[in-house]
Amino acid sequence: MLELRNLRKRFGSLTAVDGLSLALRPGEVFGLLGPNGAGKSTTISMMVGLLEPDEGSVVLHHDNREHSPQHAHVRAMLGLAPQSLAIYDELSAIENLRFFANLYGIRGRDAITRAQNALALTGLSDRAHDRAKVFSGGMKRRLNLACALLHRPRLVLMDEPTAGVDPQSRNALFDIVRTLQADGVTVVYCTHYMEEAEKLCDRVAVVDRGRLLAIGTVHELINAHGGPSELVLEHDSAPGTLARSPVTDPIPELAAAIAKGGLRSATIQRPTLENVFLNLTGRSLRD
Ligand SMILES: Nc1ncnc2c1ncn2[C@@H]1O[C@H](COP(=O)(O)OP(=O)(O)OP(=O)(O)O)[C@@H](O)[C@H]1O
Ligand SMILES: [Mg+2]
């Protein structure tokens with residue numbers, strides 16, 4: 001579908017993307033997970049042909065041939081919802097959509113139908129005639145995404161789609177991702193929120209300082225790099241005090257603790273992608 005081969009991008013002395021190789025599979029939701037400055041947006045810009053790599057290449061597989069994203073006809077297969085919102089505050093939602101439809105060469109009745117469909121998909125139909133500037137952060141993000149979907153791309157790249165978004169709009173965005181996937185669209189989902197990667201993505205690439213640290217399903221990543229689970233016990237003798245111990249196989253340990261008696265509460269905390277990142281880098285994913 002789309003492949004990155006040893007991709008490298010420098011800004012002066014800073015190497016933002018440092019030899020990144022990976023291949024997207026058709027129809028998957030692929031997460032790019034990394035902290036601020038990891039090189040996610042730079043990678044996305046090269047994926048869609050907005051930035052030229054210094055080294056390496058981006059290859060789009062289409063019609064049994066390899067293409068560069070610089071080619072207009074393969075670029076039309078891509079839709080980007082950029083991290084910095086690309087919508088016009090002074091235009092209404094429907095005007096924004098019709099403007100972008102025109103850029104894609106979609107006009108007349110077709111432009112209106114597609115704009116209406118995009119509004120429906122993103123839950124903005126009843127706000128069609130309101131100017132974007134009165135929209136909440138979440139509504140702006142949804143409109144930003146709607147603009148990227150008008151030309152029915154086969155690969156949609158969403159860069160931090162939940163930045164500045166309220167919980168309701170976040171859930172709406174998750175639903176849109178699932179709808180796109182059900183339609184066979186491949187999605188690249190860029191985020192520094194591990195919960196979103198865990199919830200949505202079929203596979204995740206963990207990136208830091210422009211490098212790929214690990215790639216796989218969430219389950220694979222946690223198994224390989226998450227470390228042990230934690231058994232958290234609270235004893236009747238010391239209410240409010242939680243005793244934590246790392247355990248490789250928590251179920252028998254828990255059973256033993258219960259058999260011993262005197263427990264007030266017990267939980268098993270499985271490792272998360274946060275542990276994966278911590279174990280791979282020695283740092284937390286969060287700022
Ligand atoms: N046009 C540019 N000129 C100079 N430096 C840049 C430019 N674009 C990005 N950088 C630098 O490259 C590094 C990677 O930036 P990038 O925006 O790709 O990271 P990111 O993973 O998207 O981060 P965030 O989570 O904050 O969006 C950062 O150190 C950034 O400051
Ligand atoms: Mg970014």
Side-chain angles (χ1 to χ4, degrees), residues 2-22 24 29-58 69-70 78-87 137-138 140-145 147-148 153 155-166 169-170 173-174 176-177 186-201 203-216 218 221 225 272-274 276-278 280-287:
L2 183 141
E3 213 183 319
L4 309 183
R5 294 179 183 158
N6 198 27
L7 213 55
R8 209 165 252 121
K9 184 72 193 176
R10 294 184 198 91
F11 296 112
S13 59
L14 177 97
T15 304
V17 176
D18 195 5
L20 202 62
S21 296
L22 55 87
L24 302 182
V29 177
F30 186 88
L32 263 184
L33 178 72
N36 291 132
K40 305 182 295 295
S41 296
T42 307
T43 302
I44 293 264
S45 293
M46 291 190 282
M47 280 179 168
V48 299
L50 282 174
L51 260 186
E52 268 290 339
D54 293 325
E55 283 171 44
S57 56
V58 178
Q70 305 290 350
L78 312 177
L80 169 66
Q83 181 169 4
S84 24
L85 295 168
I87 51 175
K140 285 184 181 179
R141 280 280 156 209
R142 283 188 270 154
L143 180 57
N144 192 47
L145 177 59
C147 291
L155 172 61
V156 173
L157 302 104
M158 301 167 70
D159 195 353
E160 303 281 353
T162 59
V165 167
D166 55 283
S169 280
R170 187 178 308 144
L173 277 160
F174 293 169
I176 299 166
V177 172
T186 310
V187 176
V188 174
Y189 192 97
C190 243
T191 184
H192 58 273
Y193 295 117
M194 54 133 193
E195 299 87 352
E196 296 183 4
E198 282 180 2
K199 201 170 195 162
L200 284 176
C201 298
R203 286 194 308 148
V204 175
V206 183
V207 290
D208 186 39
R209 296 175 177 163
R211 290 171 187 265
L212 177 72
L213 301 183
I215 187 168
V218 171
L221 291 172
H225 308 287
T272 65
L273 285 179
E274 176 68 34
V276 171
F277 193 80
L278 195 65
L280 287 170
T281 65
R283 287 175 294 118
S284 168
L285 194 52
R286 294 166 208 277
D287 289 324

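One-based numbering, in listed order, for ligands and for the atoms of each. What you see below is based on every heavy atom in this structure, not just the backbone, and it leaves out hydrogens, waters and symmetry mates.
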A side-chain contact here means heavy atoms from C-beta on lying under 4.5 Å apart; do [X] and [Y] qualify?
X	Y	result
R5	S57	yes
N144	P82	yes
F11	T42	yes
L20	R211	no
V206	L212	no
Q83	K40	no

N/O donor-acceptor pair under 3.5 Å between [X] side chain and [Y] backbone:
X	Y	result
D54	R10	yes
T15	V17	no
E3	L22	no

>> Residues around ligand 1, heavy atom under 4.0 Å from any ligand atom, sorted by chain and number. Can you pull those?
In response: F11, L14, A16, P35, N36, G37, A38, G39, K40, S41, T42, Q83, E160
> Closer than 2.8 Å to the Mg ion (ligand 2), which protein N, O or S atoms?
Replying inline: S41 OG, Q83 OE1
